[in-house]
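What follows is a single structure, written as structure tokens, with notes after it.
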Amino acid sequence: AEHGVEAEFVGHPLADEIEPEPDAIAARQRIGVDTTRPLVALLPGSRGAEISRLAAPFLGTAAFMQQARPELQFVIALANDKAAAMIDSALRHVSLAEQPIRLQGQTRDIISAADVVLTASGTAALETLLLGRRMVVAHRIAPLTYWLVRRLGVSRLPNFSLPNLLAGRQIVPEFVQNRVTPEVLGPAMLEVLEDRLIDSDWRAQYEKIHAELRVDASQSAAASVIDLVLRNRRGEGTSNHATSDSRR
């Protein structure tokens with residue numbers, strides 16, 4: 001509105017698909033993990049470049065947590081065969097007393113089953129919010145890209161992860177670039193596991209955001225597009241009208 005762009009909020013289809021408060025025990029049974037031990041989920045992303053930057057620090061974080069809390073069990077969400085191969089390669093360079101479970105194509109169940117999630121920034125963080133799980137968000141980009149981002153002033157934004165952007169403040173811990181290390185992520189994950197560091201009102205914030213996004217996004221978007229077409233036919237449309245969902 002500030003720049004004269006007409007926009008309409010239509011929610012997010014994931015919020016329509018996901019029911020609040022999934023059954024964690026049922027999810028654990030579906031993915032075949034111990035239902036009595038705390039579970040940590042690692043979501044290092046789906047794109048090759050993303051996984052290449054996050055695999056080592058995420059697995060190092062698992063080793064850090066395992067040393068502090070030997071009873072923890074870990075599961076890694078794999079997007080595809082390429083992701084699995086990259087994680088396998090990274091695992092050869094990390095010393096773990098108990099190897100994490102690796103699962104492909106079961107991300108939603110993995111998140112639902114977890115006590116805490118370490119996730120790449122993006123849709124996975126939003127999905128973790130909608131499934132009502134505590135999380136720490138990490139983001140790493142190419143050094144040159146990060147330099148350009150800083151030069152453009154984008155790094156001065158207070159937050160980058162979707163949960164925090166949607167809340168309008170920081171409700172979950174997020175770490176970027178040089179802070180994405182086991183020495184930083186490990187202690188943060190342990191604190192979040194014990195309901196510290198994360199916002200004390202995180203559950204209520206999650207529920208509020210879920211309700212705001214759950215507005216039948218597909219139908220709302222279709223209706224908005226049809227309305228725009230009809231307006232343009234009547235000569236009422238403007239060149240800078242845009243429909244938008246929550247990701248814009």
Side-chain angles (χ1 to χ4, degrees), residues 12 14-15 18-28 30-31 33-45 54 57-66 68-77 100-101 103 106-139 159-176 179-213:
H12 198 294
L14 273 181
I18 295 174
E19 294 295 332
E21 293 301 319
D23 188 332
I25 298 298
R28 289 188 179 203
R30 286 194 295 270
I31 64 175
V33 299
D34 191 332
T35 60
T36 65
R37 297 168 58 194
L39 180 67
V40 179
L42 306 178
L43 278 62
L54 294 179
F58 275 33
L59 294 174
T61 298
F64 182 101
M65 296 179 72
Q66 193 179 74
R69 296 274 301 270
E71 76 278 14
L72 295 177
Q73 56 183 334
F74 297 84
V75 60
I76 304 174
I101 298 167
L103 295 172
Q106 295 178 264
T107 300
R108 197 165 292 179
D109 274 339
I110 289 170
I111 297 171
S112 299
D115 291 288
V116 62
V117 178
L118 176 58
T119 178
S121 179
T123 305
L126 176 61
E127 197 164 8
T128 302
L129 178 151
L130 296 172
L131 289 166
R133 296 299 179 254
R134 291 168 292 189
M135 76 181 92
V136 172
V137 185
H139 186 55
N159 301 110
F160 66 84
S161 66
L162 280 173
N164 293 335
L165 290 171
L166 290 168
R169 62 184 177 86
Q170 183 161 317
I171 59 172
V172 302
E174 57 177 36
F175 300 97
V176 67
R179 299 194 73 201
V180 181
T181 66
E183 294 75 21
V184 173
L185 298 177
M189 286 285 286
L190 290 171
E191 287 205 53
V192 171
L193 183 60
E194 296 176 0
D195 259 340
R196 299 196 302 268
L197 196 62
I198 194 168
D199 189 275
S200 60
D201 199 32
W202 66 272
R203 289 185 188 277
Q205 288 296 316
Y206 279 18
E207 291 169 3
K208 178 176 180 289
I209 293 169
H210 198 153
E212 288 173 348
L213 298 182

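The first residue of the sequence shown is numbered 1, and numbering continues consecutively from there.
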Residues Gln205 and Asp199: side-chain donor-acceptor under 3.5 angstrom: no

Heavy-atom side-chain contact between Pro57 and Thr181 under 4.5 Å: no

Residue pair Ile101 / Ile76, side-chain heavy-atom distance below 4.5 Å: no

Check: Leu193 main-chain N/O paired with Arg134 side-chain donor or acceptor under 3.5 Å: yes

Residue of the set Leu162, Leu130, Leu129 for which side-chain contact (heavy atoms from CB on, under 4.5 Å) holds with Ile209: Leu129

Worked verdict on Phe64 versus Leu190 for side chain to side chain contact (heavy atoms under 4.5 Å, CB included): CA-CA 10 Å; Phe64 182 101; Leu190 290 171; 3.9 Å; yes

Gln170 side chain to Asn159 backbone, donor-acceptor under 3.5 Å: no

SB check Arg37 Asp115 (cutoff 4.0 Å): no

Least distance between heavy atoms, Ala125 atom then Val137 atom: CB-CG2, 4.2 Å

Approximate separation, where rounding is to 0.5 Å, of Asp34 CG and Arg28 CZ: 8.0 Å

Leu43 side, atom CG; Thr107 side, atom OG1 - distance, nearest 0.5 Å: 6.0 Å

Ile18 and His210, any side-chain heavy atoms less than 4.5 Å apart: yes

Check: Glu174 main-chain N/O paired with His139 side-chain donor or acceptor under 3.5 Å: no

Side-chain heavy-atom pair Val184, Val180 within 4.5 angstrom cut-off: no

Interatomic spacing from CZ in Arg108 to OG1 in Thr128 - rounded to 0.5 Å: 11.0 Å

Which atom of Ser161 lies closest to which atom of Ser121, heavy atoms considered: CA-OG, 4.1 Å

Min side-chain heavy-atom separation Met65-Phe74 under 4.5 Å: yes

Pro173 to Ile198 - nearest heavy-atom pair and separation: CD-CA, 4.3 Å

Separation of Asp195 CG from Arg203 CZ (nearest 0.5 Å): 6.5 Å

Least distance between heavy atoms, Pro44 atom then Ala120 atom: C-CB, 4.1 Å

Exam field: side chain Arg133 to backbone Val116, donor-acceptor pair closer than 3.5 Å: no

CE on Met135 to CD1 on Ile171, rounded to 0.5 Å: 7.0 Å

Pairwise side-chain contact, Val172 with Tyr206, heavy-atom cut-off 4.5 Å (strictly under): yes

Heavy-atom closest contact (Phe160 atom, Phe175 atom, distance): CZ-O, 3.5 Å

CA sep, side-chain torsions, deciding dist, call: Leu126, Leu213, side chain to side chain contact (heavy atoms under 4.5 Å, CB included): CA-CA 11 Å; Leu126 176 61; Leu213 298 182; 3.9 Å; yes

Ion pair check, Lys208 and Glu212, cut-off under 4.0 Å: yes

Shortest non-hydrogen contact between Pro182 and Pro187, atoms and distance: O-CD, 3.6 Å

